[in-house]
There are 2 protein chains.
Amino acid sequence: MAKNDLLGVFEQLVLLALVQLDDQGYGVSVCRAVEERTGRKVTLGAVYATLDRLERKGYVRSRVGEPTAERGGRAKRLFRVEAAGLKSLRHSLETVERMRAGMALGRLRPEGA
Amino acid sequence: MAKNDLLGVFEQLVLLALVQLDDQGYGVSVCRAVEERTGRKVTLGAVYATLDRLERKGYVRSRVGEPTAERGGRAKRLFRVEAAGLKSLRHSLETVERMRAGMALGRLRPEGA
DNA sequence: TCCCTATGCCCTACAATGTAGAACATATTA
DNA sequence: TAATATGTTCTACATTGTAGGGCATAGGGA
C-alpha cells in the first residue's frame, strides 16, 4: 500500500465495470464489460489478478453465488464494490480530472497538433 | 511496448503537465505542476523516470536549454510533447471516459454509498 | 455411464509503471 | 574557492499490467 495510493488505470476500469454490473459482476462478465466498452482485448488472467488485489486492499468483496442453470459450468464468484473502493475510485478519477482542468483542451481534442 | 498500450496514470499526469507548461516544461517545473494541481507529494526521481520512458516511446522529446541567469544552477532539459504523445494521451483519457459513460454517476459523486 | 462441451475460476511468471532517495553537475555570489 | 541554488542522473525496489495454461463443475448426448 503506497503512501499516495492512486489506482492504476486497469484497476479503475475493473471497478467501473463492477459498478455498472451493479455488484453482480464476476470474472467473465467484468472481462466482457471492459472489452465492450473500451474496445480493448482483455484477458481473464488480468481481470482475476486485479480483482484479487482489489479485494486484498479491501476495495471489493466477493462471495460464491449459486450456480445458475444456464447450461452448466462452475459457480460464479460475485464481486461487490465496498465503500472504500468507491472512495478510492472517485479520488483517482478526480486527480486526473484536476490535472486536466483549465487546460487548453483544444490540443486534446480530435486531431489538434 | 504492450500491444494495447494505455498510459499509466502518472504518465498521464506528466504529459498533462507538459501540455500546460506549453512545451517549456522541465523536471522541476513538471514536478511542481503535478504537486500543485493534484495535491499529491511527487518526487523528482519519479518524474524523471517517467519522462525518460515517455521519451523512449517517442511521446516526448527533450533538448537542453541555455541556462537562464536566475541565480545559477544547471541548464534545464526542456521537454515537448510529440504528436504521438498527444494521441496516446487522448486515447488513454477517452478509454476511461468511455468506461464511465452511461454510468449511474450518483454512486460516484460526493459521499454516496 | 462416460465423454464432450460450455462456463468459470486459479496460478505462475514476467513486463511495465510507480516511487524513493542519494549522488552528481553547473552556475552564481561572496 | 567555498557555499548555495538549481537541476539532472542513477540505483533499487514496490506495485500494476498482461499472458496463458491448467483446474473444476454442470448439462447433454452417444
Side-chain angles (χ1 to χ4, degrees), chain A residues 1-15 21 24-35 38 40-57 59 62-79 88 92 95-96, chain B residues 1-15 21 24-35 38 40-57 59 62-79 88 92 95-96:
Chain A
M1 252 172 252
K3 212 179 304 175
N4 279 322
D5 80 288
L6 266 206
L7 295 170
V9 172
F10 197 62
E11 290 179 311
Q12 293 178 20
L13 296 181
V14 167
L15 240 17
L21 292 171
Q24 300 300 307
Y26 57 98
V28 176
S29 67
V30 166
C31 188
R32 268 199 293 261
V34 176
E35 282 188 327
T38 67
R40 311 174 61 208
K41 210 293 184 212
V42 175
T43 59
L44 273 173
V47 172
Y48 284 114
T50 300
L51 245 13
D52 282 345
R53 288 165 185 163
L54 289 173
E55 182 160 41
R56 221 173 302 131
K57 289 194 266 187
Y59 290 166
S62 70
R63 68 198 161 83
V64 177
E66 17 263 283
T68 54
E70 285 186 38
R71 159 69 178 81
R74 193 166 172 174
K76 298 176 174 63
R77 186 170 152 216
L78 300 168
F79 289 83
S88 179
S92 299
T95 294
V96 176
Chain B
M1 252 172 252
K3 211 180 304 177
N4 278 323
D5 80 288
L6 267 206
L7 295 170
V9 172
F10 197 63
E11 290 179 311
Q12 294 178 20
L13 296 180
V14 167
L15 239 19
L21 292 170
Q24 300 301 308
Y26 57 99
V28 175
S29 67
V30 166
C31 188
R32 268 199 293 260
V34 176
E35 283 190 325
T38 68
R40 311 175 61 210
K41 209 292 183 211
V42 176
T43 59
L44 275 172
V47 172
Y48 283 113
T50 299
L51 245 14
D52 283 344
R53 287 164 186 163
L54 289 173
E55 181 160 41
R56 222 174 301 133
K57 289 193 268 186
Y59 290 165
S62 69
R63 67 197 163 79
V64 177
E66 17 263 280
T68 53
E70 286 186 40
R71 158 67 179 84
R74 194 165 170 173
K76 298 175 175 61
R77 185 170 153 217
L78 301 168
F79 289 83
S88 179
S92 299
T95 293
V96 176

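Order of the sequence lines fixes the chain letters, A, B, ..., with proteins taken first and strands second; residue numbering starts at 1 for each chain.
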Between [atom2] of [N] and [atom1] of [X], the distance in whole Å:
X	N	atom1	atom2	value
B:K57	C:dA15	NZ	P	16 Å
A:Y59	D:dT16	OH	P	9 Å
A:L7	D:dA14	CG	P	21 Å
A:L51	D:dT16	CG	P	14 Å
B:E35	C:dG18	CD	P	16 Å
B:R74	C:dT26	CZ	C1'	7 Å
A:Q12	D:dT16	CD	C1'	12 Å
B:D52	D:dG7	CG	P	17 Å

Given [options], which nucleotide is nearest the side-chain atoms of [X]?
X	options	value
B:R40	D:dG17, C:dT19, C:dG8	C:dT19
B:V28	D:dT18, C:dT17, D:dG7	D:dG7
A:T43	C:dG8, C:dG18, D:dA19	D:dA19
A:K76	D:dG17, C:dG18, C:dG8	C:dG8
A:R77	D:dT18, C:dT19, C:dC10	C:dC10

Quick one: OG1 on A:T50 to CZ on A:R53, what's the gap to the nearest 0.5 Å?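 Separation between the atoms: 6.0 Å.
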Short side-chain to backbone donor-acceptor contact, A:T38 and A:V34, under 3.5 Å: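 Answer holds: yes.
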Looking across every strand, which nucleic acid part, if any, lies under 4.0 Å from A:G27 by heavy atom: base, sugar-phosphate, or nothing?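 Since only primed, P, OP1 and OP2 atoms lie under 4.0 Å of A:G27, the category is sugar-phosphate.
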First encountered from the 5' end of DNA chain D, between A:L44 and B:L44: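 It is B:L44, whose closest nucleotide lies nearer the 5' terminus.
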Report the residue (B:R32 or A:T50) whose heavy-atom-nearest nucleotide on DNA chain D is the more 5′ of the two.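 That would be B:R32.
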Are B:L7 and B:Y59 side-chain neighbours, meaning at least one heavy-atom pair lies under 4.5 Å?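 Yes, side chains in contact.
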Just so I know, are the side chains of A:K57 and A:D5 near enough to count as touching, which here means a heavy-atom distance under 4.5 Å?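 A side-chain contact is absent here, since even the closest heavy-atom pair is not under 4.5 Å.
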Working for side-chain contact (heavy atoms from CB on, under 4.5 Å), residues A:L44 and A:V28: CA-CA 7 Å; A:L44 273 173; A:V28 176; 4.3 Å; yes
Earlier contact from the 5' end, DNA chain C, for A:L78 and A:A49: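 Nearer the 5' end of the strand: A:L78.
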